[in-house]
Number of protein chains: 2
Amino acid sequence: MSAPFSTTAPLRLALVEDDPELRQLYSDYLCRQPELSCVLLAGSAESFFDQLPDLLQAPQVVLLDVGLPGRSGLDALPRLKQLLPDTEVVMHTVFDDPDRIYQALCRGASGYVLKNQPLADLKAAVLEVARGGAPMSRAVARQVLAHFKPTPTAQAGLLSEREQQVLEGMVDGLGDKQVATRLGLSPDTVRTHVKNIYRKLQVSSRAELLSRHAKGQL
Amino acid sequence: MSAPFSTTAPLRLALVEDDPELRQLYSDYLCRQPELSCVLLAGSAESFFDQLPDLLQAPQVVLLDVGLPGRSGLDALPRLKQLLPDTEVVMHTVFDDPDRIYQALCRGASGYVLKNQPLADLKAAVLEVARGGAPMSRAVARQVLAHFKPTPTAQAGLLSEREQQVLEGMVDGLGDKQVATRLGLSPDTVRTHVKNIYRKLQVSSRAELLSRHAKGQL
DNA sequence: CTCTGCCTACCGCATTTGAGTGATGCCGGC
DNA sequence: GCCGGCATCACTCAAATGCGGTAGGCAGAG
């Protein structure tokens with residue numbers, strides 16, 4: 001069939017995967033798809049950036065591995081998005097820890113698929129992101145949503161009501177005295193609450209507390 | 001037991017939709033699915049809560065409309081999750097504004113599908129959420145991801161490269177000396193950078209900085 | 001009744017942090 | 001060449017913060 005209904009040219013895809021065997025496997029499969037066209041194959045971020053200038057047209061989608069060497073995939077993301085702002089990036093990795101997912105999304109990834117999925121899902125993810133979607137594996141999507149729930153686990157029951165209120169003030173960027181004013185307490189009382197909060201949440205500074213709160217690790 | 005092919009009983013689904021016509025349409029379609037069993041049909045949040053006690057078993061999934069009357073769906077969410085903590089909620093609505101999505105996710109929704117989708121997608125979303133996923137329509141997923149990119153605008157160009165690195169350290173919850181160690185600088189140098197950052201970003205404390213960073217107001 | 005946990009408040013002390021000032025060197029624009 | 005911005009380091013001072021303990025009142029559990 002000559003694809004009489006296809007209104008679009010094949011999608012230009014770049015594949016960055018450090019394992020040569022997997023790279024071969026993925027490229028074999030993906031390139032065989034009529035909707036896709038693999039314009040770049042790289043085994044590292046460096047190789048990817050080296051090959052970029054050779055392309056006539058920038059890739060529309062990059063499948064980016066969060067490689068074994070350190071976190072090269074994550075490190076490369078900002079530069080990639082800077083060079084190719086209109087290119088969609090789908091992370092593709094075995095790691096599903098919240099922090100790595102969070103980092104990837106903050107750095108501009110538009111999709112995050114895990115590596116234990118069928119090849120068809122990989123293809124679907126690439127097409128989906130090109131259509132303006134945000135493909136995410138089940139576990140990843142859940143992690144992302146978990147990021148929105150205020151504090152379903154830790155702080156519930158752990159912190160007393162007063163401590164919650166004090167915490168709220170701190171999260172708003174207030175100092176001890178300002179929190180005290182807001183709650184109509186003595187600054188010393190607030191200080192006591194703050195100390196107890198630190199102990200309960202296992203942190204040892206305002207900065208650490210706010211940082212972890214921001215990451216939803218609270 | 002009969003049902004030789006089914007390892008699981010049909011999924012108990014509750015459908016809350018204020019438009020009688022749509023409710024009929026959806027329930028007709030969804031109840032016809034062998035994997036699903038509509039145990040509750042409601043035209044409002046009140047009706048839903050009224051019918052809940054009559055059920056032998058709580059629904060496993062609730063398809064919740066963000067109804068036309070105000071935002072009844074959103075308002076009902078916290079109560080719903082409180083009564084049925086283990087029930088998954090999929091929002092189902094025509095609204096795709098960021099704030100409504102954000103509110104829904106914060107309040108405990110695990111899925112968010114728009115109303116202009118094929119009925120098959122609705123069914124898929126229900127099954128997906130029951131399997132531990134987080135089904136979201138394309139546009140919704142993008143909104144969610146957009147929520148993570150905190151600072152594409154302001155700080156770019158405003159802060160020097162060094163200052164960005166120092167800021168990064170602060171955001172990670174580190175103190176001056178720790179940032180200094182990470183960057184291989186004198187603590188005094190870091191302190192100078194911190195002061196300059198405060199001036200440029202118009203804040204006057206670490207707490208305020210981290211707070212605004214968390215809110216994406218940076 | 002005792003014990004525990006919470007809320008309140010205070011004291012003291014070491015460290016961190018915010019704010020000001022100054023100094024050196026590098027770089028780039030005018 | 002001068003000036004401004006940047007990066008680096010240093011010093012002071014006052015305020016905020018982290019950390020330890022003490023202590024009375026109050027409520028619920030044992």
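A, B, ... follow the sequence lines: proteins, then strands. Residue 1 opens every chain.
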- Message: Donor-acceptor pair, distance only, cut-off 3.5 Å: does the side chain of Q51(B) make one with the backbone of L41(B)?
- Response: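 Indeed, once roles are kept as given, a pair shorter than 3.5 Å links the two residues.
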- E17(A) side chain to A42(A) backbone, donor-acceptor under 3.5 Å: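 A pair under 3.5 Å: no.
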Kindly say if [X] contacts the phosphate of [N], meaning a side-chain N or O under 4.0 Å from OP1 or OP2.
{"X": "R162(A)", "N": "dT8(C)", "answer": "yes"}
{"X": "Y198(A)", "N": "dC19(D)", "answer": "no"}
{"X": "K200(A)", "N": "dC6(C)", "answer": "yes"}
{"X": "T189(A)", "N": "dT8(C)", "answer": "no"}
{"X": "K177(B)", "N": "dT16(C)", "answer": "yes"}

Determine the contact category for [X]: base if any of its heavy atoms lies under 4.0 Å from a base atom, sugar-phosphate if only primed atoms, P, OP1 or OP2 are that close, otherwise nothing.
{"X": "R206(A)", "answer": "sugar-phosphate"}
{"X": "T192(B)", "answer": "base"}
{"X": "N196(B)", "answer": "nothing"}
{"X": "S186(B)", "answer": "sugar-phosphate"}

Between [atom2] of [N] and [atom1] of [X], the distance in whole Å:
{"X": "Q178(B)", "N": "dT15(C)", "atom1": "CD", "atom2": "P", "result": "15 Å"}
{"X": "D176(B)", "N": "dG18(C)", "atom1": "CG", "atom2": "P", "result": "7 Å"}
{"X": "Q164(B)", "N": "dG5(D)", "atom1": "CD", "atom2": "P", "result": "18 Å"}
{"X": "I197(A)", "N": "dG18(D)", "atom1": "CD1", "atom2": "C1'", "result": "14 Å"}
{"X": "R191(B)", "N": "dA10(D)", "atom1": "CZ", "atom2": "P", "result": "12 Å"}
{"X": "L201(A)", "N": "dG18(D)", "atom1": "CG", "atom2": "P", "result": "13 Å"}
{"X": "L183(A)", "N": "dT8(C)", "atom1": "CG", "atom2": "P", "result": "8 Å"}
{"X": "Q165(B)", "N": "dC6(D)", "atom1": "CD", "atom2": "P", "result": "15 Å"}

Less than 4.5 Å apart, any side-chain heavy atom of [X] and any of [Y]?
{"X": "L114(A)", "Y": "N116(A)", "result": "yes"}
{"X": "T181(B)", "Y": "L174(B)", "result": "no"}
{"X": "R162(A)", "Y": "L185(A)", "result": "yes"}

Of the nucleotides [options], which has the atom closest to the [X] side chain?
{"X": "D188(A)", "options": "dG18(D), dA9(C), dG18(C)", "result": "dA9(C)"}
{"X": "S160(B)", "options": "dT8(D), dG18(D), dA7(D)", "result": "dA7(D)"}
{"X": "H193(B)", "options": "dG21(D), dT8(D), dA10(D)", "result": "dT8(D)"}
{"X": "K195(B)", "options": "dC10(C), dA19(C), dG12(C)", "result": "dA19(C)"}

- Should the pair H92(A) and Y26(A) be assigned to parallel (<30°), tilted (30 to 60°) or perpendicular (>60°) ring geometry?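 Taking Y26(A) first and then H92(A), their aromatic rings stand perpendicular (interplane angle over 60°).
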